[in-house]
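Report on the following structure.
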Amino acid sequence: MQLTNRKKELDRKPMNFWERLYLPAILKGMAITFSHIFKKNPTINYPEEKRPFSAVFRGVQILNRDEEGRERCTACGLCAVACPAEAITMEAAERQSGEEHLYREEKYAAKYEINMLRCIFCGLCEEACPKDAIYLTQTFAKANYARKGFIYDKDDLLIPNPVTDPEGYNKAKGKIGKEIK
Ligand code: SF4
Ligand code: SF4
């Protein structure tokens, strides 16, 4: 096989006059370079500029509230059971007296965490939730220096209260990219 390749190399057609000048090849290369100068630059100056995502893009989750600001999540655990990556953990607790305005049902998630290093953004948690409490948004997990920074808790996931912070609430809902309850 090696001998055949060697023979092919030796049989190579000799270069003609224009090929030996190298000028046509240089001009051809420059024409390609110049043709790219006038094309739209595909580079995005992130984070100032952001690429629009597809409507079906699935990113970081949010925990939803109802219009009165109460947490929708009742810590039923269905999202954790549906999660193929075992990324969701939670601790359920009873509603405490004096804080009824914060919670929708008797039970609520005192602790709710998603491990973003495990999450594969499949969206099964959203589909499994009977309370419309969890949604995947069109944003992705922020870079971090430590693994523990990728464990998102309620402080990271719960959207702002529409009663006390309507602007923050609408902004958070706007990241979802679809109509939600
Ligand atoms: S998107 Fe999928 S992998 Fe991520 S937390 Fe939800 S169910 Fe688990
Ligand atoms: S997010 Fe939904 S499915 Fe998960 S525990 Fe809360 S109510 Fe249940």
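We count ligands from 1, going down the list as the structure has it; atoms in each ligand are counted the same way.
When each atom of ligand 1 is checked for a heavy atom of F121 under 4.0 Å away, the hits are 1 (S), 4 (Fe). Near A75, meaning under 4.0 Å from any of its heavy atoms, are these atoms of ligand 2: 5 (S), 6 (Fe). Contact atoms of ligand 2 toward C79: 1 (S), 3 (S), 4 (Fe), 5 (S) (distance under 4.0 Å to a heavy atom of the residue). Heavy-atom proximity to C129, at under 4.0 Å, picks out these atoms of ligand 2: 1 (S), 2 (Fe), 3 (S), 7 (S). Residue T74 approaches ligand 2 through these ligand atoms, each under 4.0 Å from one of its heavy atoms: 6 (Fe), 7 (S). Applying the 4.0 Å criterion to heavy atoms of I88 picks out, from ligand 1, the atoms 5 (S). Below 4.0 Å from some heavy atom of M90 lie the following atoms of ligand 2, by number and element: 5 (S). With ligand atoms numbered from 1 in the order given, ligand 2 contributes 3 (S), 5 (S), 7 (S), 8 (Fe) to contacts under 4.0 Å with heavy atoms of C76.
Looking only at heavy atoms of the protein, atom 3 (S) of ligand 1 is closest to I120 N, 3.3 Å. Closest to atom 2 (Fe) of ligand 1 among all protein heavy atoms lies C122 SG, 2.2 Å. Protein heavy atom at the shortest distance from atom 4 (Fe) of ligand 1 is C119 SG, 2.3 Å. In terms of protein heavy-atom proximity, atom 6 (Fe) of ligand 1 is nearest to C125 SG, 2.4 Å.
For the pair G123 and ligand 1, a heavy-atom separation below 4.0 Å is found. Under a 4.0 angstrom heavy-atom cut-off, G77 registers as being in contact with ligand 2. Heavy-atom separations between Q61 and ligand 1 include at least one value shorter than 4.0 Å. Within the 4.0 Å heavy-atom shell around ligand 2 one finds P130.
Side chain of Q138 to main chain of S54: a donor-acceptor pair is present (N/O by atom type, distance under 3.5 Å, no hydrogens or angles). In this structure, the side chain of D66 engages the main chain of R70 through a donor-acceptor pair within 3.5 Å. A donor-acceptor distance shorter than 3.5 angstrom exists from the side chain of N64 to the backbone of D132, with no hydrogens or angles considered. Proximity of a side-chain donor or acceptor of T74 to a complementary backbone N or O of K107 within less than 3.5 Å is not detected.
Between the CG atom in L63 and the OH atom in Y135 there is a gap of 12.0 Å [rounded to 0.5 Å]. The NZ atom of K40 sits 10.0 Å away from atom OG1 of T43, with the distance rounded to the nearest 0.5 Å. Put simply, CG on L158 and CD1 on I134 are 11.0 Å apart, with the number rounded to the nearest 0.5 Å. Atom NZ of K154 and atom NZ of K111 lie 12.0 Å apart (nearest 0.5 Å).
No salt bridge links E126 with R58; every basic N to acidic carboxylate O contact stays at or beyond 4.0 Å.
Because the distance cut-off is set at 2.8 Å, C83 qualifies as a neighbour of atom 8 (Fe) of ligand 1 through one of its N, O or S atoms.
Crowding of M30 atom CE: a count of heavy atoms from other residues, nucleotides or ligands under 6.0 Å not exceeding 12.
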Check the pair M116 / Q61 against side chain to side chain contact (heavy atoms under 4.5 Å, CB included), numbers first and verdict last.
CA-CA 10 Å; M116 288 300 158; Q61 298 81 348; 3.0 Å; yes
